[in-house]
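Only one structure is covered here, and it is reproduced in the block below.
Below, all heavy atoms of this structure are taken into account, side chains as well, without hydrogens, waters or symmetry copies.
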Amino acid sequence: MKVKFIILGLFLCVSASSLAQETNAPKFGKGILNLVGQDSTWTMKVAARMQFLGIGQWGENEQGNLASVGSNFLVRRARLKFNGFAYSPKFKYKIELGLSNRDISGASEFTHDAPRYILDAFVMWNFHKNFELWIGQTKLPGNIERVVSSANLQMVDRSLLNNRFTIDRDMGVQLRHKFNISEKFIVKEVLAISQGEGRNVTKGNLGGYQYTARIDFLPFGSFTGNTEFVGSDLKREVKPKLMIGAAYDFNNNAVKTRSNQGSYMFTDTGFYETDVKTLYINSIFKYNGFSFMGEFADRNAGNAVARNEDGTATGDIVQVGYGLNVMSGYLFKNNWEVSGRYTSVELDKSITNKNKETQYTLGVSKYIVGHKLKVQTDATYLNEINGPEGLIYRLQLEVHF
């Protein structure tokens, strides 16, 4: 019911605004409405997107043979997006609301028992030359696979590395800057300070704050259309383009099992706190339809095992370890693409008691209108050392107005 009221309210607001403002009907994939204030002091683009996902899974049975373990069909993502500028083109904003069950799940006492509708809500102020200040809730400058929008992924979904090591979104401030070493060589830097407990947390700040720094080197200049954080080489780069980067995240006195993600850790005296540090090293390369992405992640903690006052373990554990993810694809001139991905995640077994996991994924995509209208399918083989094996097949349709 709440979702219906939100959608109705947004519709009425947009309808009312459109009566007094200049409205342009953009072509498919460029938004639903483009609103411009009569005095040109503000703009708003309204967009919506949907992802429909079908999944089939097979795993080992008691005899050690692969057998069907289930299937599912769901609205993976359903979102409303608003962006533009307010008062000046140097003061931009973005709002993104998630409406699918997967998007809004996770309500708890820390979110005032309310669904987590808000994905992004932040402003971007270009206050001086190449300096930009971001304020609000959005993605932290962490692992590159997460920074790439779920609408712009090369495969159906992100890898196991992202699942284990991402720091995703949080509330805070980010300072962004870029400069040129030479005519083509560009360096981009980001510094972020955030609350450290993930998105939509409203009840104070437990533990300390989270500090994230990222630097990217683009020796051959900008990617066409600034698409370094877009999966696949849809622009068919005429000249090779490369980005090499690294990010470091320090979550002071973190209270969750995966830095600002995962579940809260408790002891007999309250929350368990420990410093959690995560390092990311990544690269992106694109040329003439070929694309490559590689990423390494490493996480450690001051004291990974939560303990009560008497020294006994509580069962809560920081997910420390490392992972590697490499992915490549080739886009044919008919906009069909084949891609492959290898992922390996090895958590510290002496702490987590988990074995090494590997994923091998093969994907096929058809881009009808780029990432705005596409059909993607992939098959993944999962293997756990001294553990079970499994297969996952996925088919997904993306529609993005």
Among residues at least two apart in sequence or on other chains, which ones pass ring-ring contact (aromatic ring centres under 6.0 Å, His included) with Phe28?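 Listed in chain order: Phe401.
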Answer yes or no: is there a side-chain heavy-atom contact under 4.5 Å between Trp58 and Tyr393?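 In short, these two side chains touch, coming nearer than 4.5 Å.
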Polar side chain donor-acceptor pair, [X] to [Y], under 3.5 angstrom:
X	Y	result
Glu346	Tyr322	yes
Gln396	Thr377	no
Tyr381	Glu389	yes
Glu309	Thr269	no

Whether [Y] and [X] form a salt bridge (side-chain N of Lys/Arg under 4.0 Å from carboxylate O of Asp/Glu) is what I want to check.
X	Y	value
Asp249	Arg214	no
Asp216	Lys188	no
Glu145	Arg341	yes
Asp157	Arg76	yes
Arg116	Asp103	no

Only one of His371, Arg79, Lys30, Lys81 clears side chain to side chain contact (heavy atoms under 4.5 Å, CB included) with His400; which?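 Exactly one option meets the side chain to side chain contact (heavy atoms under 4.5 Å, CB included) with His400, and it is Lys81.
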Criterion side chain to side chain contact (heavy atoms under 4.5 Å, CB included) against Gln319, the qualifying member of Lys256, Arg258, Gln261: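 Testing each of Lys256, Arg258, Gln261 against Gln319, the sole residue satisfying side chain to side chain contact (heavy atoms under 4.5 Å, CB included) is Arg258.
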As a quick check of understanding, evaluate salt bridge (charged side-chain N to carboxylate O under 4.0 Å, His left out) for Glu237 and Lys239, giving each step before the final call. CA-CA 5 Å; Glu237 297 287 356; Lys239 296 182 179 180; over 6 Å; no
For Tyr93 and Phe85, I'd like to know if the aromatic rings sit close, meaning centre-to-centre distance below 6.0 Å.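 Here the rings of Phe85 and Tyr93 have centres that are no less than 6.0 Å from each other.
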Report all side-chain donor-acceptor pairs from residues 179-186 shorter than 3.5 Å, counting only partners two or more places apart or in another chain.
| residue | atom | partner | partner atom | Å |
| --- | --- | --- | --- | --- |
| Asn180 | ND2 | Ser182 | O | 3.2 |
| Asn180 | ND2 | Glu183 | O | 3.3 |
| Ser182 | OG | Phe185 | N | 3.2 |

